[in-house]
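Computed over heavy atoms, backbone and side chain alike; hydrogens, waters and symmetry mates excluded. Protein chains get the first letters and strands the later ones, always in sequence-line order, with residue 1 at the start of each. Please read all numbers here as calculations on a predicted model, not as lab measurements.
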There are 2 protein chains.
Amino acid sequence: MLSSKAKYGLKAMIYLSRHEGRGPSLIADVADSERIPKKFLDAILLELKNHGLLSSKKGKGGGYVLARPSSRITAGEIIRILDGPLAPIPCVSRSAYRRCEDCQDEEACALRAVMQDVRDALAAILDNTSLADMINRTATSETVLNYDI
Amino acid sequence: MLSSKAKYGLKAMIYLSRHEGRGPSLIADVADSERIPKKFLDAILLELKNHGLLSSKKGKGGGYVLARPSSRITAGEIIRILDGPLAPIPCVSRSAYRRCEDCQDEEACALRAVMQDVRDALAAILDNTSLADMINRTATSETVLNYDI
DNA sequence: CTACCACCCTATTGAATGGGTAGGGTGATG
DNA sequence: CATCACCCTACCCATTCAATAGGGTGGTAG
């Protein structure tokens with residue numbers, strides 16, 4: 001299950017992608033627009049900045065901007081920063097591998113094999129979906145709707 | 001992330017699959033063999049029984065047995081019982097749909113589309129992997145190992 | 001140069017969840 | 001009727017989650 005933190009983080013990053021090239025956005029604007037508690041969002045954006053996904057500018061006229069083009073920031077990155085590894089159990093995680101205490105033989109573990117598949121499927125989706133992709137997908141469906149009307 | 005509860009539950013169910021047709025197994029045996037805290041496993045198996053995946057017999061010679069053939073119990077079922085819905089956010093859950101409070105328009109939600117994909121991928125794997133499948137997979141890889149040696 | 005603005009940081013809080021334990025009840029064998 | 005093994009209720013502790021408080025810091029503008 002995705003935490004509220006990660007959900008808010010993703011929504012904020014999508015917001016910032018939609019404002020790409022239009023200068024910095026205020027935390028307050030993002031919070032209002034996406035209905036996120038402001039102080040909470042404050043902490044989330046700071047964390048994303050400290051991991052290099054955002055740049056910020058202080059003072060009047062300041063705010064947050066994407067540190068890279070929206071096509072080069074993936075959902076997977078954001079989720080890993082805010083919620084930790086994608087893998088359902090640590091013994092199949094690439095980014096944070098840890099052996100199972102209670103497991104005798106990893107190779108023979110029937111559970112591990114399935115969880116391996118789950119991890120791979122998650123990574124295949126989330127690491128290959130950029131912010132730009134997410135926006136385009138819904139933009140397209142909106143266009144389709146417009147044509148229909 | 002899979003909880004310990006679900007992990008233990010899956011391991012216990014795998015154990016019971018391996019003992020299919022050999023009469024009931026004791027909680028204590030499963031707990032020892034899989035290194036699961038006994039009282040905790042006690043509660044887990046009870047829950048799985050109450051959801052119809054296990055049958056039990058009291059008294060001497062009693063214990064737990066699968067309520068259905070291992071080929072007809074899936075990992076997805078077990079995880080849903082012990083950890084709740086597979087979906088990363090409630091607004092894409094089939095079994096426990098709930099609308100996002102902070103979401104204006106579900107159809108236009110860029111996040112929802114990705115999470116939909118994630119949910120589908122998870123379900124595709126977990127609802128199509130039975131206990132029997134899990135056992136066979138590792139049994140095969142063991143055989144391959146034996147041939148190599 | 002000073003007022004203001006908006007990000008930055010630390011600490012706290014309250015509720016929920018996760019993981020597990022205690023202790024006895026119940027009903028079937030034998 | 002004793003024993004065995006599941007059944008049930010209640011409780012506990014630590015951690016995480018979600019959010020808030022309150023002030024610090026550094027730019028900008030006039």
Closer than 4.0 angstrom, basic N to acidic O: yes or no for A:Arg72 and A:Glu77? no

Check the distance between D:dG26's P and A:Lys49's NZ and give it to me in whole angstrom. 12 Å

Sidechain N-carboxylate O distance under 4.0 Å for B:Asp117, A:Arg137: yes

Does A:Tyr8 place a side-chain N or O at less than 4.0 Å from the phosphate oxygens OP1/OP2 of D:dA19? yes

Between A:Leu53, A:Asp83, A:Ile44, A:Leu126, which is the residue that forms a side-chain contact (heavy atoms from CB on, under 4.5 Å) with A:Ile78? A:Leu53

Taking all non-hydrogen atoms of both residues into account, name the closest pair between A:Leu66 and A:Ser17 and its distance. CD1-OG, 3.7 Å

With heavy atoms under 4.0 Å as the rule, sort B:Ser55 into base, sugar-phosphate or nothing. nothing

From the list D:dT20, C:dT21, D:dC6, which nucleotide is the closest neighbour of the side chain of A:Phe40? D:dT20

5' to 3', nucleotides 25-30 of chain C under a 4.0 Å protein heavy-atom cut-off (B base, S sugar-phosphate only, - none) gives -BB-S-

State plainly whether the residues B:Glu34 and B:Lys7 are in salt-bridge range, i.e. N to O under 4.0 Å. no

Between A:Gly61 and A:Pro37, just flag the one whose closest nucleotide in DNA chain D comes earlier from the 5' side. A:Pro37

Please give, in whole Å, the distance from C:dG20 P to B:Lys7 NZ? 9 Å

Using whole Å, what does the distance between atom C1' of nucleotide D:dT16 and atom CE of B:Met1 come to? 13 Å

Atom-pair distance (CD1 on B:Ile44; C1' on D:dC6), nearest Å: 15 Å

Could you name each residue pair satisfying ring pair (Phe, Tyr, Trp, His ring centres under 6.0 Å) that touches residues 19-59 of chain B, not counting sequence neighbours? B:Tyr8-B:Phe40, B:Tyr15-B:His19

Is the distance from OP1 or OP2 of D:dC17 to the nearest side-chain N or O of A:Ser4 less than 4.0 Å? no

Could you tell me whether A:Arg112 and A:Asp105 make a salt bridge, using a distance below 4.0 angstrom between a side-chain N and a carboxylate O? no

Rounded to the nearest Å, what distance is computed from the CG atom of residue B:Leu82 to the P atom of nucleotide C:dG19? 11 Å

Given D:dA18, D:dC8, C:dG19, which nucleotide is nearest the side-chain atoms of B:Ser3? C:dG19

Can you check the A:Leu48 CG to C:dC7 P distance for me, whole Å? 14 Å

Specify the separation, in whole Å, of atom CD of A:Glu47 and atom C1' of C:dT10. 15 Å

Just to be sure I understand the rule, does B:Leu45 reach a base, reach only the sugar-phosphate, or reach nothing, if contact means heavy atoms closer than 4.0 Å? nothing

Please report, rounded to the nearest Å, how far the C1' atom of C:dC5 is from the OH atom of A:Tyr64. 15 Å

OP1, OP2 of D:dC7 versus side-chain N and O of B:Ser56: anything below 4.0 Å? yes

Given the structure, check if the side chain of B:Lys39 and the base of C:dG19 hold any donor-acceptor pair shorter than 3.5 Å. no

